[in-house]
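Notes for the one structure printed next.
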Amino acid sequence: MFMFISFIFNEQALTRHSAQRDTENLARGFAETVNNSINDVDQIMMLMRSAYSANPVGIKLSDWTTARKFNTKLTVQISIVDRNGLLLQSSLDMPKTPVNLSDRAHFKAQLNPNADELFISDPVVGRVSNQRTIQLTRKLFNNKGQFSGILVVSLDTDYLSQYYHSFDISNGEILLVSADGVIDARGTLANPTDGIGTSLHNTQLEPMLDAVGPGVIEAESPIDHTERLYAYRPLRDHRLQVAVGLSLEDIRRPMLYRICLATVLCLSILLSILLTGRALRRRQVKEYEAQAALAHAKKLAQLGEMATGIAHELNQPLGVISLSAENCIRAIDVGSSTPERLRSKLNRIIEETVRAATLIEHMRVFGRNDHGPITSIRLQKVMDNVLQIIDFKLSSEHVSIKSDLPSDLPPVRAQLVLLEQVLINLIANACHAYGVSTVPAKPSLRTIEITARSWGAMVRINVQDHAGGISEYAMERLFIPFFTTQGVGKGVGLGLAISYGIITDLGGSIVAANQNGGALFTITLPQG
Ligand code: ADP
């Protein structure tokens, strides 16, 4: 998320930066072009002025236009106006009636006796050409150096607007702005001549009129109300300014596209992570549920298998209870017993009742589908419970257990019932291996050694038998569910798969090896 947000900020900054650079470059190019065009025109005006001074009546304007000294597309008309403002000559057809231009700003500007400068007017509709033009004027002097009128070159504002098409700026805008803040020429995609003559005072573009150098401004165009990023700059040699504006929408569109693309990409990655995560979780939950159901089924099956043993286990205390109770009654009947002896027999009954109740309670807990919490468990307690359940099976298979659990053995972190289940699986498998072993071991060797040692932060438990070991084929498949070498109807091949699941869920491990003439299962569990 942080990367995505920083990508957006970065993208915005980069886009803004590159758009600003583009508009500034375009403005620089446009300013140079206009500046040079005006300089070219002024240069010829100066030549004409010299020619005029040398021979005020002999100058022919057509010579200057036909000789292509002027860019005839830009220059609509050249005219000479006398010192009173009356049109004397025009490169266009002279009107039949006299034309007085003394009211025009471009004439009046040249009446100042202290200045001899090129004047550039705001756009006006020519009285001879009937075309909207900006007027470039210069003083004319006769051969005695006296002011004798003005030379006027009318420039086509529409032609200046054409520069727009040499830029690839889509919904952009170029402006040529006069010294008093009026639009002299304007280029846009649509209606390029709209807005010519409009003052930029009191518009969002006004700050450019006060600026002394180039700059950049975000503003809404007062003409088409499009929001643009404008770069403006004054002409090098003339009191005019240009501005080039790129539409903010055009600027943002590729950025938005890139951001959209990045968003879609991020979202799809996020979505796939979520979906995969959810699917994985769902699968894990299902696997866990399936595993738990299998483990439970296997437990019940084990209880079923142990039913005879359990019945035997229960028979013993019941037998003792019954016998002790009968003895008590008989003693009371014949009055042969002392209260102390009676008390002792009754105590025995209570002890056996407790023993039976403990066994029943354990069967109940073991058979429950609730595995209880993960707690700190002493292995001795686990072994005691396991032996209670499996004792009868061991004696009927003539297998004995030798357990070696040091008194200072640290407890393990586990769920009691599940750990019991694992050990019961391993012991039951060893018993079965003894039952099918082709190398009958001496009764003294039909043992299962259960040893446990502290091992770093773990406790390692070994379950070793001497029943011939595990075949290579079985060794590779031991922990795969439903792998069994027991005959149909005997094994289901779930004991080790379930044990593996239980131990790894507790953060431990279980591996098998062949050694000492039998199988060795090694379990590690975190210390509790
Ligand atoms: P099941 O006991 O139902 O066959 P398990 O998953 O507990 O399922 O055991 C899978 C197989 O692993 C057994 O069928 C047997 O071939 C092999 N096996 C397990 N324990 C021993 C062992 N102590 N000695 C020899 N083979 C074993």
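Keep in mind it's a predicted model, so treat the numbers as computed, not measured. We count ligands from 1, going down the list as the structure has it; atoms in each ligand are counted the same way.
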Which of the atoms in ligand 1, numbered in the order shown and given with their element, are less than 4.0 Å from a heavy-atom of G495? 5 (P), 6 (O), 7 (O), 8 (O)
Run the side chain to side chain contact (heavy atoms under 4.5 Å, CB included) test against R341 and tell me which residues pass, sequence neighbours left out. S337, T338
Which of parallel (below 30°), tilted (30 to 60°) and perpendicular (above 60°) describes F521 and F479? perpendicular
Without swapping roles, check the side chain of R446 against the backbone of E397 for a donor-acceptor pair under 3.5 Å. yes
Could you tell me which atoms of ligand 1, counted from 1 in the order shown, lie closer than 4.0 angstrom to a heavy atom of A519? 22 (C), 23 (N), 24 (N)
One thing to verify: whether E352 and R348 come together as a salt bridge, which I'm taking to mean a side-chain N less than 4.0 angstrom from a carboxylate O. yes
Sub-4.0 Å heavy-atom contact, G468 with ligand 1: no
Any L494 heavy atom less than 4.0 Å to ligand 1: yes
Taking N516 for the side chain and G518 for the main chain, is one N or O donor matched with an acceptor at less than 3.5 Å? no
Going by the order shown, which atoms of ligand 1 are within less than 4.0 Å of some heavy atom of L478? 12 (O), 17 (C)
Under 6.0 Å from the ring centre and within 45 degrees of the ring axis: does the NZ or CZ of R477 meet both conditions for the six-membered ring of Y473? yes
Ignoring hydrogens, just give me the one of L496, D465, T485, N514 whose non-hydrogen atom is nearest atom 16 (O) of ligand 1. T485
Nearest 0.5 Å please: distance from the CZ atom of F483 over to the CG atom of L494. 12.5 Å
So is G493 touching ligand 1 or not, going by heavy atoms under 4.0 Å? yes
Option nearest atom 19 (C) of ligand 1 (shortest heavy-atom distance, choices N429, V463, I427, I498): N429
Within a distance under 4.0 Å of any heavy atom of I470, pick out the atoms of ligand 1 and give their elements. 24 (N), 25 (C), 26 (N), 27 (C)
